[in-house]
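A, B, ... follow the sequence lines: proteins, then strands. Residue 1 opens every chain.
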Amino acid sequence: MAEEKSQASSSKMLTLKASDGVLFEVELNIAKEMKTVQAYIDDCEDIETIPIPNVLGKHLAIVIEYIKKTNEEYDAEFEKQWNMDDLQLLLLAANYLNISGLQECLCKAIAKRIENKSPEYVRKVFNIENDHSPEEEAKLRKEYKWAFEGVDKD
Amino acid sequence: MEKETRYLPHELIIQILLRLPVKSLIRFKCVSKSWFSLISHPNFGNSHFQLSATQTRRILCIPNSPTKILSIDFESSLNNDFIDFESSLLNNDFALLNPNFSLVSLQIKGSCRGFICLRGSSNLYLWNPSTGVHRQIPLSPFDYELKDYYFGHLYGFGYDQSRDDYLVVSMSCDPTYDSNSSHLEFFSLRDNTWKEIEGTQFPYMNASSHPYPKVGPLFNGAIHWLARRCDLQVYVIVAFDLMERKLFEMPFPDDDNIPTHCDLWVFGEFLSILANDYNNNMIEIWVMKEYKVHSSWTKTLVLPAFHSFDLIYSTKNGDFIGVEGFLGLVKYNDKGKWLGYCSYHRNPRVSQEVMYTESLLSLPGDDDQI
């Protein structure tokens, strides 16, 4: 019986398997912060290895670390270590794994990094094609001239 | 190493955009057609406005008629950036459609959720400086009758959240005509018409000082004004409840020493009066600890007078922001210490300033904007 086996549920360990095969042993209470994983456990109680097909080992490691250490101080420093690419991949991971605190932290961080940038810069960051015609874009730039002042040079 | 082409899903892009300030979002309308639609959509504007962490406040100034309209960010400690709106207003559709439009006679009558209510010589305008969204509204029937130089007229602008509606309120009291009553009218944006509130209203005149009557602060779902009861010859606070659509009155603090030159505003969580005591060169700040309870008026601060200071609003950490003479904007902390200024040449006899919150909000019925 599962109840008799372990004392506290926090001592039970779970294995998460990243998309590139890397394995992580985590405590149950850590894994439960990932609502996607929680749902998996709820569905199949006896599972021991849970596949995480969308997340690379490198990013899963960062996510697990975040869950263990998150607090106001940690969060403030957390995003500074990662480049824009990693931030987006981490956001995708946090979204897939359904970790709201991490999602919020990453959205804020990405927003902060693009806040004072030009539209060209933002298009590159998110791989967006500019489908405004040159006339349309010129019209917008003229109408909202004030919003283009003081913008960081690319 | 080749970078994989990756696209963040739409929902995540939205989560990121919601955390950007208005200026960035306006600029990013240029990024693509889909970003343009997304940012311009009323639902996005609403969600963005609800996230109060990103709400930025600026001050709109009409420093000298008729030349300029400026918007100044005075809260972020460095970079007081100026926006000169004059050219965008004059090129804007509503100026072109209305041959009588000019900056000369514009009076600021209110500010709410990113919209400024302006009174021109023959129309009212609601204008969101950040998005350019605007609406023209006729003057109230009684206002139309009043003489142009009559400054005692009370005007207010606010939001009724129970109906998601914006109201412009007008109180006309012409003491030369009838010194015992006034006409209370309001314009509902959704109904798109002026209505008079039946029943006799006491004769109220705007008591806030020149050059132009000050904007009535919004508090607890009501617009408030410093007014004078012409029949009783006393000063009172009169307020219009935007949901109930009713007028009510609140007395001044009981203090014979209350000086007459006052500012009414919202200080932290309370309705407050800043009273200038010119004789003693002091400022008294009174706070209504319990809203509508007369006896709860409490004198909370007495400070050495700020030099010819006219209050605009106070920041979240209790600093006072106002204007001073010919200088421009000034900031004092709640100990009376001068914290800084932002200079723009202003004519103290005609200059008008109001605080507004930047927003991407639309007005009801904007799809068929005039």
Side-chain angles (χ1 to χ4, degrees), chain A residues 54 56 79 83-96 98 100 102-152, chain B residues 1 3-40 48 51 53-54 56 58 69-71 73 76 78-88 91-93 129-132 358 360:
Chain A
N54 297 359
L56 287 170
E79 57 91 4
N83 64 30
M84 182 56 93
D85 249 19
D86 281 323
L87 281 182
Q88 291 190 58
L89 288 165
L90 285 167
L91 178 58
L92 283 165
N95 181 241
Y96 172 73
N98 201 344
S100 54
L102 180 55
Q103 249 187 268
E104 162 96 27
C105 176
L106 290 165
C107 284
K108 266 199 228 165
I110 296 174
K112 203 77 201 148
R113 290 206 194 177
I114 60 171
E115 185 177 315
N116 217 36
K117 300 293 185 200
S118 69
E120 293 79 16
Y121 183 97
V122 167
R123 287 182 200 123
K124 286 207 195 81
V125 161
F126 297 113
N127 287 313
I128 297 174
E129 195 196 310
N130 180 8
D131 54 351
H132 280 306
S133 73
E135 296 78 30
E136 282 167 347
E137 186 168 345
K139 181 167 172 241
L140 284 173
R141 281 175 181 265
K142 183 174 173 206
E143 186 176 346
Y144 298 122
K145 188 161 147 242
W146 61 273
F148 289 84
E149 310 215 339
V151 167
D152 293 346
Chain B
M1 191 173 67
K3 188 183 125 178
E4 219 180 85
T5 311
R6 178 200 336 113
Y7 304 98
L8 277 187
H10 198 63
E11 323 87 65
L12 290 181
I13 299 273
I14 293 177
Q15 289 307 309
I16 295 168
L17 293 181
L18 283 175
R19 286 157 176 87
L20 286 168
V22 165
K23 180 179 175 183
S24 310
L25 289 166
I26 295 288
R27 185 184 333 121
F28 294 161
K29 284 193 186 196
C30 261
V31 165
S32 73
K33 283 199 210 276
S34 93
W35 278 41
F36 179 90
S37 305
L38 169 63
I39 294 168
S40 310
H48 183 267
L51 278 182
T54 35
T56 43
R58 301 183 70 98
I69 295 191
L70 298 173
S71 164
D73 174 5
S76 38
L78 314 162
N79 294 343
N80 297 322
D81 74 286
F82 280 64
I83 304 173
D84 183 341
F85 276 119
E86 186 210 355
S87 51
S88 73
N91 290 329
N92 210 316
D93 291 337
S130 310
T131 58
E358 289 186 290
L360 296 170

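Of the inter-residue distances, the one linking A:Arg141 atom CZ with B:Cys30 atom SG reads 5.0 Å to the nearest 0.5 angstrom. Distance check, rounded to the nearest 0.5 Å: CZ of B:Phe28 to CD1 of A:Ile114 gives 5.0 Å. Residue B:Lys33 holds its NZ atom at 11.0 Å from CD of A:Glu129, rounded to the nearest 0.5 Å. Rounding to the nearest 0.5 Å places CD1 of B:Ile16 at 6.5 Å from CD of A:Gln88.
Taking the six-membered ring where the residue is Trp, B:Phe36 and A:His132 present perpendicular rings, their angle passing 60° and hence far from 30°.
Enclosure of atom NZ in A:Lys117 by more than 12 non-hydrogen atoms of other residues, nucleotides or ligands within 6.0 angstrom is indicated.
Heavy-atom distances place the side chain of B:Ile13, and not its backbone, under 4.5 Å from chain A.
The side-chain contact (heavy atoms from CB on, under 4.5 Å) test with B:Leu8 singles out one residue from A:Asn95, A:Leu92, A:Ile128, and that residue is A:Leu92.
Taking the charged nitrogens against the carboxylate oxygens, B:Arg19 and A:Glu115 have no contact shorter than 4.0 Å, which rules out a salt bridge.
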- Item | Worked verdict on B:Arg27 versus A:Asn116 for side-chain contact (heavy atoms from CB on, under 4.5 Å) | CA-CA 10 Å; B:Arg27 185 184 333 121; A:Asn116 217 36; 4.2 Å; yes

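Proximity of B:Val31 to A:Phe126: side-chain heavy atoms (C-beta onward) are nowhere separated by under 4.5 Å.
The choice from A:Asp131, A:Leu140, A:Leu89 that makes the most heavy-atom pairs within less than 4.5 Å of chain B is A:Asp131.
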